Amino acid sequence: MGEFDLIRRHFWRTAAARADSGGVLLGNGDDCALLAPAPGMTLAVSTDMLVAGRHFLPDVDPQALGHKALAVNLSDLAAMGARPLALTLALAVPEPNDAWLQAFARGLLDLADAHGCTLVGGDTTAGPLTLCLTVFGEVPAAQASRRSGAQVGDDVWVSGTLGDACVGLALVQGRHIAGGAIDIDTAHAAYLRQRLERPTPRVALGLALLGLAHAAIDVSDGLLADLGHVLAASGVAAELEVPALLAGALHPALQRLPLAEALSAVLAGGDDYELVFTAAPSQRAAVQQAAAQAATPVTRIGRIVAGPPASHALADGAARVRLLDTDGAPYALPPGVRLAGYDHFATIGA
Ligand code: ADP
Ligand code: MG
């Protein structure tokens, strides 16, 4: 199968499939795609690269891989409050394996269709298995929730539950937690695996929060690390109420874990793709209403306080978070909690 046949067969969106896709004037098949955000909207653009052996195992289920590759990109649009319009896909595959490509394309395109996001182009080459996706969305520029927008006095909110994907990864890898096999029943294990392999990008919530969220980020590297990016960019600090986090953002599947493990997962587990955002306390009811509209639960977990000036030092962020107990006293972390954010360069794969 030649390169062009491969593209035609798996990655071509017909005119019919594109008929209702707002924002796309011309899709794949030409030298460029043509995109047109609605009047008054700005293009939001984000790229992610996934390399076999580093970001996923080469034998991963290709349909799940297709889903996740797009989900993590849509999650970036969600964090900005952007509506997905289109994506491009650059793909290196060692050899054209038709069954693999078909499953991969299904995982990718099913999620793309669910979000009205059209595959409009890309590039395909032979090489070590690598995916590079770029997503395009539209957002009113003034309302895009930037990392630098957090204000002293804001509430800090998080969507859904945290730590699921990292415990799911431990399960998939057969790793033991806290010296013993993880005590999780079958139904919960299936849920955790789903959270790891088929994350739900919080696009509806991001859109519903437009004009409400001052700052937002998606949790890909862990709550402390990612909230830290917001704090550093905004020149502020945060106080998080650990009991509120455990009460609202810990899935029942994690509630039987030893406390140190649950805390490690919730505070530092990556790959959940939930949104962390800040909003004025006067907007609490509006935030809850937006969450209900998006059918996505949210939990208020703390507040923004004054902090050092904005900084670009990447390591600076998490140090701006203070963990508090219900009474406002510093939270006494149990021994064994691991709080380092996931660092891609510290875990170089095969
Ligand atoms: P060019 O030589 O102009 O770069 P290519 O031969 O690489 O064009 O690709 C032909 C057409 O197929 C282009 O419109 C391109 O966007 C599209 N295309 C190539 N690879 C992919 C892919 N993996 N997914 C979607 N479209 C693709
Ligand atoms: Mg090309």
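These numbers were taken from a predicted model, which means no experiment stands behind them.
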Within 6.0 angstrom of Arg198 CZ, more than 12 heavy atoms from elsewhere: yes
Linked hydrophobic residues, Val51 as query - side chain contacts closer than 4.5 Å: Met49
Cluster check Val203, Leu119: I/L/V/M/F/W/Y, side chain < 4.5 angstrom: yes
All side chain to side chain donor-acceptor pair (under 3.5 Å) counterparts of Arg193, not counting sequence neighbours: Glu197
Smallest separation among heavy atoms of Arg147 and Ala215, with atom names: O-CB, 4.1 Å
Derivation and outcome, side-chain contact (heavy atoms from CB on, under 4.5 Å), residues Leu85 and Leu43: CA-CA 9 Å; Leu85 294 178; Leu43 262 191; 4.1 Å; yes
Minimum side-chain heavy-atom gap Leu263-Val242 below 4.5 Å: yes
Donor-acceptor contact present, side-chain Asp30 to main-chain Leu26, <3.5 Å: no
Test side chain to side chain donor-acceptor pair (under 3.5 Å) applied to His214 - qualifying residues, sequence neighbours left out: Asp154
Partner residues of Asp61 under the salt bridge (charged side-chain N to carboxylate O under 4.0 Å, His left out) criterion, sequence neighbours left out: none
Backbone of Pro297 reached by a side-chain donor or acceptor of Ser159 within 3.5 Å: no
Asp98 and His10: side chain donor to acceptor below 3.5 Å: yes
Check: Leu207 main-chain N/O paired with Arg83 side-chain donor or acceptor under 3.5 Å: no
CA sep, side-chain torsions, deciding dist, call: Arg303, Glu241, side-chain contact (heavy atoms from CB on, under 4.5 Å): CA-CA 9 Å; Arg303 70 199 68 80; Glu241 288 163 23; 2.4 Å; yes
Heavy-atom donor-acceptor pair, Asn97 side chain to Ala99 backbone, under 3.5 Å: yes
Leu209-Trp157 co-clustered via ILVMFWY side chain contacts under 4.5 Å: yes
Hphob cluster co-occupancy, Val321 + Val219, side-chain heavy atoms under 4.5 angstrom: yes
Donor-acceptor pair, side chain of Asn28 and main chain of Phe11, under 3.5 angstrom: yes
For Gln173, all residues meeting side chain to side chain donor-acceptor pair (under 3.5 Å), sequence neighbours excluded: Arg175
Pair Arg195 + Glu274: basic N to acidic O under 4.0 Å: yes
Pairs where residues 61-90 contributes a residue and the test ring pair (Phe, Tyr, Trp, His ring centres under 6.0 Å) is met, not counting sequence neighbours: none
Side-chain donor or acceptor of Asp327 paired with backbone N/O of Ala329 under 3.5 Å: yes
Salt bridge (charged side-chain N to carboxylate O under 4.0 Å, His left out) against Asp218, all qualifying residues, sequence neighbours excluded: none
side-chain hydrogen bond (donor to acceptor under 3.5 Å, both in side chains) partners of residues 284-301, not counting sequence neighbours, each pair once: Asp155-Arg284
Close side-chain approach of Val135 to Asp76, heavy-atom, < 4.5 Å: no
Minimum heavy-atom distance between Thr161 and Leu250, given as atom pair plus value: CG2-C, 4.1 Å
Residue pairs passing the side-chain hydrogen bond (donor to acceptor under 3.5 Å, both in side chains) test where at least one lies in residues 125-145, sequence neighbours excluded: Thr47-Thr134
Pairs involving residues 240-275, ordered by first then second residue, that meet ring pair (Phe, Tyr, Trp, His ring centres under 6.0 Å) (sequence neighbours left out): His188-His251, Tyr191-His251
Heavy-atom pair of closest approach, residues Ala265 and Val167: CB-CG2, 3.9 Å
Closest contact, heavy atoms only, Ala291 versus Val298: CB-CG2, 3.6 Å
Donor-acceptor contact below 3.5 Å, side chain Asp271 vs main chain Ala165: no
Ser148 versus Ser234, closest heavy-atom pair with distance: C-OG, 3.1 Å
Whether Arg320 side chain and Val236 backbone form a donor-acceptor pair below 3.5 Å: yes
Ring pair (Phe, Tyr, Trp, His ring centres under 6.0 Å) contacts touching residues 125-148 (sequence neighbours left out): none
By side chain to side chain donor-acceptor pair (under 3.5 Å) - contacts of Gln283 (at least two apart): none
Cluster check Met80, Leu133: I/L/V/M/F/W/Y, side chain < 4.5 angstrom: no
Reported CG-to-CG distance for the pair Leu162 and Leu267, which is rounded to 0.5 angstrom: 8.5 Å
Heavy-atom pair of closest approach, residues Ala69 and Leu131: CB-CD1, 3.9 Å
Joint hydrophobic cluster, Leu323 plus Val230, side-chain heavy atoms closer than 4.5 Å: yes
Donor-acceptor under 3.5 Å (Asp164 side chain, Leu196 main chain): no
Lys/Arg N to Asp/Glu carboxylate O, Glu261 vs Arg338, below 4.0 Å: yes
